[in-house]
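Here the structure is laid out as structure tokens; the discussion comes afterwards.
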Amino acid sequence: DVKVTQSSRYLVKRTGEKVFLECVQDMDHENMFWYRQDPGLGLRLIYFSYDVKMKEKGDIPEGYSVSREKKERFSLILESASTNQTSMYLCASRDSNSYNEQFFGPGTRLTVL
Amino acid sequence: AQSVAQPEDQVNVAEGNPLTVKCTYSVSGNPYLFWYVQYPNRGLQFLLKYITGDNLVKGSYGFEAEFNKSQTSFHLKKPSALVSDSALYFCAVSGYMDTGRRALTFGSGTRLQVQP
């Protein structure tokens with residue numbers, strides 16, 4: 001069974017802290033994605049990676065960075081967390097074929113106090 | 001840039017009745033269209049997709065969707081709703097970003113409530 005896992009289901013951090021969200025997939029997928037999900041706004045793409053060490057900005061990259069040192073792992077970094085980054089963060093992966101579906105992790109609910 | 005509209009925040013339907021969740025899209029070129037479902041406290045699960053071919057596509061759990069190019073719509077349907085279908089549904093379109101790579105753009109989601 002294919003699987004995308006995220007390091008934490010719930011996370012509480014303080015304003016100004018550096019936050020790491022980790023995502024691991026076991027499907028040998030080339031593409032990995034980070035989204036944030038907010039009520040009434042759906043999912044918005046933060047960053048995606050189409051290969052190791054390769055990344056592209058999505059629709060809302062401000063305040064975030066990413067790292068992909070290994071094919072199976074894609075990290076989202078909040079350099080200095082702010083309260084407006086309180087959200088649900090979803091990781092997804094997909095093979096190189098853009099008309100195949102993405103597989104999603106369970107999500108990390110981040111609260112920044 | 002591509003966009004997706006889900007005009008209804010919530011759809012209520014009685015168990016056993018047919019259901020429709022609406023989606024319209026805007027994208028350059030041929031659209032790749034997807035529906036995902038999110039059950040409480042879980043990630044998104046793929047339901048079905050339209051890439052090319054027959055305008056009526058069938059997916060998981062008895063769901064189907066009809067692609068209508070002239071109306072730029074991709075409505076999700078099911079002939080007979082179950083209480084267990086209650087969830088949050090997202091429509092998405094795959095379009096080209098400025099970099100030339102494809103990425104999904106999601107709608108705002110529609111909450112489906114099926115009453116027993």
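Chain A is the first sequence line, chain B the second, and so forth, proteins listed ahead of strands; every chain is numbered from 1.
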Query raised in the report: Does some side-chain heavy atom of A:Leu11 sit less than 4.5 Å from a side-chain heavy atom of A:Leu21?
Result: yes
Query raised in the report: What residues form a salt bridge (charged side-chain N to carboxylate O under 4.0 Å, His left out) with A:Glu69, not counting sequence neighbours?
Result: A:Lys53
Query raised in the report: Hey, is the main chain of A:Glu17 close enough, under 3.5 Å, to the side chain of A:Arg14 for a donor-acceptor pair?
Result: no
Report summary line: Tightest non-hydrogen contact, residues A:Leu90 and A:Phe104, listed as CB-CD2, 4.2 Å
**Report entry** Separation of A:Leu78 CG from A:Phe20 CZ (nearest 0.5 Å)
**Finding:** 10.0 Å
Query raised in the report: Taking the side chain from A:Thr86 and the backbone from A:Val112, do they hold a donor-acceptor pair closer than 3.5 Å?
Result: yes
Query raised in the report: What pair of heavy atoms forms the shortest contact from B:Ala103 to A:Leu45, and how long is it?
Result: CB-CD2, 3.9 Å
Query raised in the report: What part of B:Leu44 gets closer than 4.5 Å to chain A, counting heavy atoms only: side chain, backbone, both or neither?
Result: both
Can you list every donor-acceptor pair under 3.5 Å that links chain A to chain B?
{"residue": "A:Arg9", "atom": "NH2", "partner": "B:Asn41", "partner atom": "O", "Å": "2.8"}
{"residue": "A:Gln37", "atom": "OE1", "partner": "B:Gln38", "partner atom": "NE2", "Å": "3.1"}
{"residue": "A:Gln37", "atom": "NE2", "partner": "B:Gln38", "partner atom": "OE1", "Å": "2.8"}
{"residue": "A:Glu56", "atom": "OE1", "partner": "B:Thr99", "partner atom": "OG1", "Å": "2.4"}
{"residue": "A:Glu56", "atom": "OE2", "partner": "B:Arg101", "partner atom": "NE", "Å": "2.8"}
{"residue": "A:Tyr99", "atom": "O", "partner": "B:Lys49", "partner atom": "NZ", "Å": "2.9"}
{"residue": "A:Asn100", "atom": "OD1", "partner": "B:Lys49", "partner atom": "NZ", "Å": "3.3"}
{"residue": "A:Gln102", "atom": "N", "partner": "B:Tyr36", "partner atom": "OH", "Å": "2.9"}

Query raised in the report: Where on A:Leu41 is there a heavy atom nearer than 4.5 Å to chain B: the side chain, the backbone, both, or neither?
Result: backbone
